[in-house]
Amino acid sequence: QTNGEWTFARLMYPPAPYGRGYGRMGFDWTQGRSSWTTDYPRADRHFAEAMRRLTRIHTRSVEQPVNLDEGDSYDWPYLYAVEVGHWKLTDAQAKAMREFIDRGGFFMCDDFHGTREWAIFEESMQRVFPDHKIVELENSDPIFHTIYDLDDRYQVPGEQFVRSGRTYEYDGYKAAWRGIYDDKGRVVVAICHNMDLGDSWEHADNPQYPERFSALGIRIGINYVTYSMTH
């Protein structure tokens with residue numbers, strides 16, 4: 001770790017009752033084998049490489065898993081979580097995440113699809129922010145114009161697109177860019193629903209996965225990171 005480096009911090013979390021790894025004998029979500037490890041670590045490292053190549057932001061080459069129970073999340077002001085349709089934060093973790101955000105942290109989540117996974121995500125998120133609503137992010141929001149102008153966004157599917165030809169999963173037919181604003185009008189939670197940016201990063205070097213999806217996925221991520229550091 002070098003002072004001043006931006007680091008891709010990935011949130012570790014306990015799974016919902018139907019989440020991957022739940023109920024497995026001897027299962028310990030802090031040791032991996034759970035939903036939070038999806039695309040890990042290839043997506044993280046590919047995205048960090050893109051940050052180094054496409055921006056002037058000094059970026060660490062390896063990721064940082066973060067457990068809210070350990071109290072060190074404040075060292076990593078940008079926090080990313082994947083498959084949040086399979087998480088279930090404890091009350092203590094929800095409180096820790098709220099404090100992390102209130103102190104200036106930024107949270108991005110991605111790769112969950114359809115109404116069922118939205119309901120699971122929302123239950124925990126409402127305990128983090130009972131006093132703020134989740135809203136649609138308008139095209140005019142600065143988060144879409146920090147580095148790249150991203151008015152013309154489209155649904156970014158997971159690697160399953162290579163086999164299925166479908167951009168959606170379950171009943172998540174339409175991509176939704178949502179967020180939570182703080183009292184000063186700053187986006188502090190960026191929610192990517194019905195899309196899989198993590199796969200677009202992980203498979204950026206996969207010749208079977210269409211380049212246009214990785215191109216947009218990387219640009220969205222870079223805009224979000226830059227926004228989090230400048231707003």
Side-chain angles (χ1 to χ4, degrees), residues 8 10-11 16 19-20 35-40 42-44 46-47 49-51 54 78-87 106-122 124-125 133-181 187 189-228:
F8 188 107
R10 175 180 284 255
L11 177 67
R20 185 182 307 166
S35 299
W36 70 262
T37 63
T38 300
D39 309 325
Y40 173 86
R42 279 174 55 85
D44 315 43
H46 283 179
F47 184 73
E49 182 179 354
M51 286 286 296
L54 299 174
Y78 181 95
L79 191 59
Y80 170 83
V82 68
E83 290 217 13
V84 289
H86 294 265
W87 73 350
F106 184 93
F107 176 58
M108 174 185 176
C109 56
D110 170 45
D111 187 12
F112 65 120
H113 311 266
T115 52
R116 184 188 186 196
E117 292 191 357
W118 177 265
I120 294 293
F121 161 74
E122 193 174 31
S124 285
M125 203 71 240
K133 292 183 178 180
I134 297 172
V135 299
E136 304 290 333
L137 299 179
E138 300 293 336
N139 279 349
S140 59
D141 194 286
I143 203 168
F144 296 124
H145 304 280
T146 54
I147 300 293
Y148 300 101
D149 288 319
L150 300 177
D151 289 319
D152 299 320
R153 299 180 305 280
Y154 42 84
Q155 191 169 39
V156 176
E159 188 271 342
Q160 58 82 23
F161 175 87
V162 172
R163 299 179 300 278
S164 70
R166 288 185 287 104
T167 59
Y168 65 90
E169 297 180 37
Y170 308 119
D171 61 339
Y173 306 117
K174 185 178 179 181
W177 289 268
R178 296 174 176 144
I180 296 175
Y181 289 90
V187 177
V189 177
I191 303 162
C192 301
H193 186 221
N194 295 332
M195 66 188 93
D196 192 345
L197 303 185
D199 261 16
S200 80
W201 305 338
E202 180 185 13
H203 292 277
D205 61 351
N206 179 352
Q208 294 182 301
Y209 184 79
E211 182 272 341
R212 69 183 185 277
F213 296 138
S214 289
L216 179 58
I218 288 169
R219 284 170 170 80
I220 291 171
I222 285 176
N223 268 27
Y224 285 10
V225 169
T226 307
Y227 177 94
S228 76

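Since we're looking at a predicted model, the values are computed, not measured. Residue numbers run from 1 in the order of the sequence given.
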Where does the angle between the aromatic ring planes of [X] and [Y] fall among parallel (under 30°), tilted (30 to 60°) and perpendicular (over 60°)?
X: Phe121; Y: Phe112; answer: tilted
X: Phe161; Y: Phe213; answer: perpendicular
X: Tyr78; Y: Phe106; answer: parallel
X: Tyr209; Y: His203; answer: tilted

| said: Given the ring of Phe144, does Arg153 sit roughly above its face, with NZ or CZ under 6.0 Å from the centre of the six-membered ring and within 45° of the axis? | reply: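 So Arg153 does make the cation-pi contact.
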From [X] [atom1] over to [Y] [atom2], what is the distance, rounded to the nearest 0.5 angstrom?
X: Trp87; Y: Met125; atom1: CH2; atom2: CE; value: 5.0 Å
X: Tyr181; Y: Leu137; atom1: OH; atom2: CG; value: 5.0 Å
X: Leu197; Y: Asp111; atom1: CG; atom2: CG; value: 8.5 Å
X: Asn223; Y: Leu150; atom1: CG; atom2: CG; value: 4.5 Å
X: Cys109; Y: His193; atom1: SG; atom2: NE2; value: 9.5 Å
X: Glu138; Y: Asp151; atom1: CD; atom2: CG; value: 11.5 Å

Using a 3.5 Å distance criterion without hydrogens, assess whether the side chain of [X] forms a donor-acceptor pair with backbone atoms of [Y].
X: Thr167; Y: Pro157; value: no
X: Trp201; Y: Gly217; value: yes
X: Gln160; Y: Arg166; value: yes
X: Glu117; Y: His113; value: yes

| query | Checking side chain to side chain contact (heavy atoms under 4.5 Å, CB included) for the pair Tyr154/Arg212: CA distance, chi angles, key distance, verdict? | reply | CA-CA 10 Å; Tyr154 42 84; Arg212 69 183 185 277; 3.7 Å; yes
Considering all heavy atoms of both residues, which atom of [X] and which atom of [Y] are nearest to each other, and what is their separation?
X: Val225; Y: Met51; value: CG1-CE, 3.5 Å
X: Ala50; Y: Ile218; value: CB-CG2, 3.8 Å
X: Met108; Y: Cys192; value: CE-SG, 4.0 Å
X: Asn194; Y: Gln155; value: O-NE2, 2.8 Å
X: Glu202; Y: Arg42; value: O-NH2, 3.2 Å
X: Ser200; Y: Val156; value: CB-CG1, 3.6 Å

| query | Can Tyr148 and Ile220 be said to form a side chain to side chain contact (heavy atoms under 4.5 Å, CB included), step by step? | reply | CA-CA 8 Å; Tyr148 300 101; Ile220 291 171; over 6 Å; no
| field | side chain to side chain contact (heavy atoms under 4.5 Å, CB included) between Arg10 and Trp36, intermediate numbers included | value | CA-CA 8 Å; Arg10 175 180 284 255; Trp36 70 262; 3.9 Å; yes
| message | Using the rule given for side chain to side chain contact (heavy atoms under 4.5 Å, CB included), can you reason through Tyr227 versus Asp141, listing the C-alpha separation, both sets of side-chain angles and the distance that settles it, and then say yes or no? | response | CA-CA 10 Å; Tyr227 177 94; Asp141 194 286; 4.2 Å; yes
| said: Check this for me: Asp152, atom CG, are more than 12 non-hydrogen atoms of other residues, nucleotides or ligands nearer than 6.0 Å? | reply: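 Atom CG in Asp152 is not crowded, with 12 or fewer foreign heavy atoms closer than 6.0 Å.
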| Using a distance-only test with no angle check, is there a side-chain donor-acceptor pair under 3.5 angstrom linking Tyr224 and Asp110? | no
| said: Applying the side-chain contact (heavy atoms from CB on, under 4.5 Å) criterion to Glu83, which one of Asp196, Thr38, Asp39 satisfies it? | reply: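 When side-chain contact (heavy atoms from CB on, under 4.5 Å) is applied between Glu83 and each of Asp196, Thr38, Asp39, only Thr38 qualifies.
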